[in-house]
Amino acid sequence: PTPSVVLFCHRAMNRRFLFALWAIVTAGPVSAQNEHFDWLGSDTEPLPTDSIDALPYSGETNDFSGGYAIGDTVGDFHLWTLNGNEFILSNEVEENKPTILFNGSATCVRFQNDWDLMEAVSPIQWVTQHFDMFNWVPVYVAEAHALDMENCPSNCPDFPIPGPHGEYMLQHRTVQERMDAAQIVMDWMGPGSDTDWNFPFNDILIDSPDNLMYTHYFMRPAGIVVIDCDGVVVARGDWLGTYLNDYTNRQFLIDLVEN
């Protein structure tokens, strides 16, 4: 049976999703509390050979207005990380810790720049200083600037960009190809990579074969969605780095926790 959806404050679990190398165990359906939330997840982990659906139309070039807006109640979801760990959003929300979801891909130059130690302005320091204050949920989605541009998001400018390893990449056709692309990010940008990047997460969620996170949450290549423990969007940004580099936005996030 399809799990019912539950996002709740008063029974929020103590653990947070910092993508350490432990497995999150969830047995059976999610218990029902707020059944009006949409369920976006899957009951079973996708196979590496499963095909990836074509991306939906995302809007005209540089139109990043799609995805959840402030005040929307998000859908719960069930995904798996690159390391094979299970993740259900409603199991991770906490009463006093907003959840920050953001997406990216190897060929998104904004995503690369956000974690580039050589950039004069980047969110790296702020994120690492406030790592424990929020639930950070990075999600690997479709390539923003793959070599086969006809398969890229419609709102991205029409040119390919190499990944952090210096090579151009094709859009993912299977789950394994998406995982391989995410592994490139972790190998070249993640902890212990010994490069000019510092992506400070040990794991990353892999978007589903039907691109549920991109379609419902983002509709843009490197955005940010902040939700409270009731699953209500309290902040969003077209670009993660641009949003977090703004002092007013950073203070707003801190106020969410302190107030």
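In this structure a side-chain-to-backbone donor-acceptor pair under 3.5 Å is present from S193 to G190. Between the side chain of N211 and the main chain of Y214, no donor-acceptor pair closer than 3.5 Å is present. Using a distance-only test at 3.5 Å, with no hydrogens or angles considered, no donor-acceptor pair links the side chain of N155 to the main chain of G59. With W115 contributing its side chain and P200 its backbone, the two residues share no donor-acceptor pair below 3.5 Å. A donor-acceptor pair is defined here as one N or O able to donate and one able to accept, closer than 3.5 Å; no such pair exists between the side chain of D203 and the backbone of N85. With R220 contributing its side chain and W239 its backbone, the two residues share no donor-acceptor pair below 3.5 Å. Panel note: side chain D228, backbone G231; a donor-acceptor pair is recorded below 3.5 Å. A donor-acceptor pair under 3.5 Å is formed between the side chain of N103 and the backbone N or O of P221. When atom types are taken as modelled, the side chain of S154 and the backbone of Y57 share no donor-acceptor pair closer than 3.5 angstrom. When atom types are taken as modelled, the side chain of D230 and the backbone of V232 share no donor-acceptor pair closer than 3.5 angstrom.
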For E177 and L170: C-alpha separation, side-chain torsions, deciding distance, then whether side-chain contact (heavy atoms from CB on, under 4.5 Å) applies.
CA-CA 9 Å; E177 290 182 359; L170 295 173; over 6 Å; no
Before you tell me yes or no, could you show the steps for M169 and I184 under side-chain contact (heavy atoms from CB on, under 4.5 Å), namely the whole-Å CA-CA distance, both residues' side-chain angles and the distance that decides it to 0.1 Å?
CA-CA 11 Å; M169 302 168 64; I184 289 171; 3.9 Å; yes
Determine, stepwise, if the pair F77 / M213 fulfils side-chain contact (heavy atoms from CB on, under 4.5 Å).
CA-CA 8 Å; F77 63 84; M213 292 299 293; 3.7 Å; yes
Check the pair Y217 / V137 against side-chain contact (heavy atoms from CB on, under 4.5 Å), numbers first and verdict last.
CA-CA 12 Å; Y217 276 76; V137 184; over 6 Å; no
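One finds the CD1 atom of I227 at 12.0 Å from the CG atom of L256 (value rounded to the nearest 0.5 Å). Taking CZ of R173 as the reference point, atom CG of N151 lies at 9.5 Å (rounded to 0.5 Å). Atom CD of E119 and atom CG of D196 lie 10.5 Å apart (nearest 0.5 Å). Within the model, atoms NE2 of H165 and CD of Q183 stand 12.0 Å from one another, a figure rounded to the nearest 0.5 Å. To the nearest 0.5 Å, the span separating OG1 on T215 from CG on L55 amounts to 7.0 Å. Here the CD atom belonging to Q112 is positioned 8.5 Å from the OG atom belonging to S105, to the nearest 0.5 angstrom.
In terms of heavy-atom proximity, W126 sits nearest to W136 at CZ3-CH2, 3.8 Å. Closest approach of D207 to L212, counting heavy atoms only: OD1-N, 3.3 Å. Across every non-hydrogen atom of P123 and L244, the tightest pair is CB-CB, 3.8 Å. Scanning both residues, S208 and R178, for their nearest heavy atoms gives O-NH1, 3.1 Å. Residues P209 and V175 come closest through the heavy atom pair CG-CG2, 3.7 Å. Scanning both residues, G84 and W80, for their nearest heavy atoms gives O-CD1, 3.8 Å.
With ring centers used as reference points, Y243 lies 6.0 Å or more from F102.
For Q129, the CD atom sits in a packed shell: over 12 heavy atoms of surrounding residues, nucleotides or ligands are nearer than 6.0 Å. Surrounding OH of Y247 are at most 12 heavy atoms belonging to other residues, nucleotides or ligands under 6.0 Å away. More than 12 heavy atoms of other residues, nucleotides or ligands sit less than 6.0 Å from atom CD of E150. Around CG of D194, the count of heavy atoms belonging to other residues, nucleotides or ligands within 6.0 Å does not exceed 12.
Hydrophobic clustering, with ILVMFWY side chains joined whenever heavy atoms are under 4.5 angstrom apart, keeps M219 apart from F64. Under a hydrophobic-cluster definition in which Ile, Leu, Val, Met, Phe, Trp and Tyr are linked whenever side-chain heavy atoms come within less than 4.5 Å, directly or via other members, I206 and F201 are assigned to the same cluster. L117 and L240 fall within the same hydrophobic cluster, where Ile, Leu, Val, Met, Phe, Trp and Tyr residues are linked whenever their side-chain heavy atoms come under 4.5 Å apart, directly or through other members. Cluster annotation: M149 and Y168 are assigned to distinct hydrophobic clusters (Ile/Leu/Val/Met/Phe/Trp/Tyr, side-chain heavy-atom contacts under 4.5 Å, transitive). Placement of M186 and M189 within a single hydrophobic cluster is found when ILVMFWY residues are connected by side-chain heavy-atom separations under 4.5 Å, directly or transitively.
S65 and D63 share a side-chain donor-acceptor pair at under 3.5 Å.
Between N113 and S122, every side-chain heavy-atom pair lies at or beyond the 4.5 Å cut-off. Side-chain atoms of I100 and I224, non-hydrogen and from C-beta on, do get closer than 4.5 Å to each other. For the pair P48 and T174, the minimum side-chain heavy-atom distance is 4.5 Å or more. L89 places a side-chain heavy atom less than 4.5 Å from the side chain of V93. For the pair M133/I254, a side-chain contact is recorded, criterion being any heavy-atom separation below 4.5 Å from C-beta on.
Exactly one residue among L101, V226, V225 makes a side-chain contact (heavy atoms from CB on, under 4.5 Å) with V233. That residue is V225. With T107 as the fixed residue, the side chain to side chain donor-acceptor pair (under 3.5 Å) test singles out one of H145, E143, Q171: E143.
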